[in-house]
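Just below is one structure, and these are the notes that go with it.
Index from 1, following the sequence.
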Amino acid sequence: MAEASRAAAPSLARAVRAPWPWEYIGLAALLTATAATFLWGLDRNGWANPYYSAAAQAGSQDWKAFFYGSLDAGNLITVDKPPLSIWIMSLSVRLFGLNSWALLIPQALMGVATAWLVYKIIRRSHPAAPALLGGLIYATTPVVVLMSRYNNPEPLMGLLTVAAVYFVIRATEDNRWAWYLLAGTSLGLGFMAKQIQAFLPIPALVLAVLLFGAGTIASRLRRLLASLAALIVSGGWWMTIVELTPAANRPYIGGSTTNSILELTLDYNGLARFLRFSPDPQGGGAAAQGSVSEYDGGFSRLFNANFAPEGAWLLFGAATCSLALILLWQQAGGSRRAKALICCGVLWLLTAFIVLSFMGTMTHTYYVFSIAAPMAVVVALGTRLLWSQRQRIVPRCLGAVLLAGNGYVAARIFQYSDAWGAWPAALLGVTLLAVAGWLYAGPRHFERLTLAMVVVALVLGPLATDVITLPKAHSGTNPLSGPVGNNPGSLSAHLDAARRGDPPLARHLGFGVEPSQAITSLLREASSSTWAAATYTAQNAAQYQLASGRPVIALGGWLGNDPAPTIDEFKRLVQEGNIAYFIWQQPIVDEIPLGEDAVAITNWVKASFEGETVDGVTIYDLRR
């Protein structure tokens, strides 16, 4: 028996490592299809999120704005995130000009690279089939498709965190310093893209190294400390420079109340994301566009109408696969790296699920992006394990539960909208066939057909969402996958109304109002001033800036609450002729509790200058 085991081990290793021609074909097909999906009709998304597009435009016009991630090339205020993802877009705009393709292609390519990395992570310790399945699940997850065609920081954060997982898996094989340093650097750069959200894999990575890493415990601890040092250096160097630079020599840090990048990190992008805030009674539009809403946290959050279409299709299956990987641990993990991957995948998934389920009201639906990669890894590994053990009663039953449970979850998600067409019936039919084939476990010639049905049953729900998502134009603060919900209170229904300007405030907050040609011409002609105009909110300012190509001040930052500029600073800039126009936004003045300085500026402009109406917009010439 021992000799048979020793003889089988090299064969298993060769089966894991040696690629076959069909694997190359499958991988090429997967990556080609992924690239085509992420790039197809990409320009229909226009500026996507104008807030980040305006910052990329500013960075392409001025190197100081590039370094700090300024919203405008005049460097009055930054965006409320570190600038790593904006740097990439700014460089692309410098090379290819300001257009949708230059802004969005980098994100699409990041998405393709991440799908390839998911394949590589699984392939290190498992055969080609589950590795390709993992890549397919990741590439078809609706929120991944949505964000890979968008200019939010998620694609870069996802690429860097998945790269860190890959480096850690490599570190469990040979304990080289380089893998640890690369992993720490990747996580630090992920922090530079999306701050604390990039740290979700850390508990899983540390535990995987401590339990299954190569070398002695002491050597692993030393390397983990080195990895932490690399993380701190790669993620903290920019923050250190910004924090040590005198405030007078740099733009105001958007999203902070004390002009501090450290405060932004720990408060607005840190603790505040985990607290519960009540929506302002005068700011119903803010709740509608997804920045602050009623608290819906709990284990069911990711299954509700707002979050579920983004990534809940395989969450039940991921939970079932996690259970299978734990119960059948001996059969699941042969090599050390295989066990490390299982440990890492399951704990990474659990960490992301708990954080996303219970974090506070400052939560966007696209945060589900963080669960896509661990879900792809766990479902691929668990499905492969249950399939290989399906002759036994427990794996056979668990496999049937996996498929039937996924089908049930899909049926519930389909009920959130009436616009799914024939997809629910198709998924029901495929799921029933897959369950029947799995339970039957018939002759070998029947296995391939059953396996094909299983794969289709797993990805059909996400594919249905993608088919509906891709032809649509997506823009604004909180893009959504899939069709509009049938509940008027759902986020998708609110956003659909907001795009039409119902109510006007929601359009201003979530998307920004595109300027008319007449106003755009006025801003372009104001070339003697540093800033063509000042207005609120940041999305409106971004729209004016992108249309005119001239810097526009977002008074008070994102929602007009930051003390930038102060009333005294604004008066000085006007007296020096640095601001040409003030653009009045009546819905904002009426319904948003602006910050003290923004209110003072508004009152001073109204009392000191005479406004005129241009295409229905009140505009004040501050040079008169």
Side-chain angles (χ1 to χ4, degrees), residues 7-40 109 111-141 144-145 162 165-166 169-170 173 314 317 321 325 331-335 337-338 341-342 345 372-373 375-391 395 399 402-403 430 433-434 437-438 440-460 462-463 466:
S11 299
L12 178 59
R14 285 193 297 271
V16 170
R17 295 177 182 174
W20 292 84
W22 70 265
E23 180 182 354
Y24 289 126
I25 296 171
L27 179 60
L30 171 64
L31 298 181
T32 301
T34 301
T37 300
F38 293 173
L39 293 169
W40 176 67
L109 298 180
V112 176
T114 309
W116 174 73
L117 273 178
V118 170
Y119 158 84
K120 290 289 289 183
I121 287 170
I122 300 173
R123 190 66 178 94
R124 295 297 304 176
S125 55
H126 290 77
L132 291 171
L133 177 60
L136 176 64
I137 290 172
Y138 180 82
T140 55
T141 301
V144 171
V145 176
V162 172
V165 174
Y166 173 77
I169 296 302
R170 295 298 303 267
E173 300 172 12
L314 295 180
C321 288
L325 291 168
Q331 293 81 9
S335 64
R337 61 188 176 190
L341 179 57
I342 292 170
M375 184 171 64
V377 170
V378 168
V379 171
L381 296 182
T383 303
R384 186 250 178 178
L385 171 64
L386 292 173
W387 178 260
S388 66
Q389 300 290 319
R390 70 190 182 283
Q391 298 300 332
L402 160 69
L403 296 169
V430 172
L433 290 174
W438 190 289
Y440 175 52
R444 293 191 61 85
H445 66 270
F446 187 70
E447 290 180 354
R448 291 186 178 179
L449 178 60
T450 299
L451 188 57
M453 288 293 180
V454 169
V455 173
V456 172
L458 290 175
V459 301
L460 195 60
L463 281 174
D466 299 337

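Taking CG of L381 as the reference point, atom CG of L325 lies at 6.0 Å (rounded to 0.5 Å). L449 CG to L451 CG: the interatomic distance, rounded to the nearest 0.5 Å, is 9.5 Å. The line from OG1 of T114 to CG of L109 is 10.5 Å long, rounded to the nearest 0.5 Å. T141 OG1 to L314 CG: the interatomic distance, rounded to the nearest 0.5 Å, is 6.5 Å. Taking CG of L30 as the reference point, atom OH of Y138 lies at 12.0 Å (rounded to 0.5 Å).
In plain terms, the two heavy atoms of G134 and A376 that are nearest each other are O-CB, 3.4 Å. Residues V112 and A35 come closest through the heavy atom pair CG2-CA, 3.6 Å. Considering all non-hydrogen atoms of both residues, W22 and A129 come closest at CH2-N, 4.0 Å. Residues W438 and T383 share a closest heavy-atom pair of CH2-O, 4.2 Å. Nearest heavy-atom pair, V162 versus A373, reported as atom, atom and distance to 0.1 Å: CG2-CB, 3.7 Å. Across all non-hydrogen atoms, the minimal contact from A457 to L403 is CB-CD2, 4.4 Å.
Y119 pairs in a side-chain contact (heavy atoms from CB on, under 4.5 Å) with only one of the listed residues (L133, L136, L132), which is L132.
Under the 4.5 Å side-chain criterion, counting only non-hydrogen atoms from C-beta, H126 is in contact with L341. Using a 4.5 Å heavy-atom cutoff, the side chains of T140 and V145 are not in contact. Between F38 and V144, the closest side-chain pair of non-hydrogen atoms falls below 4.5 Å. The closest side-chain heavy-atom distance from R170 to R337 is not below 4.5 Å. When side chains are defined from C-beta on, Y166 does not count as touching V118, because their heavy atoms never get closer than 4.5 Å. Residues C321 and L402 form a side-chain contact, since some pair of their non-hydrogen atoms from C-beta on lies under 4.5 Å apart. By the 4.5 Å heavy-atom criterion applied to side chains, Q331 and P395 are not counted as neighbours. Using a 4.5 Å heavy-atom threshold, the side chains of W387 and E447 count as touching.
Partners of W116 under the ring-ring contact (aromatic ring centres under 6.0 Å, His included) rule, at least two apart in sequence or in another chain, do not exist in this structure.
S388 places a side-chain N or O within 3.5 Å of a backbone atom of L385 that can act as its donor or acceptor partner.
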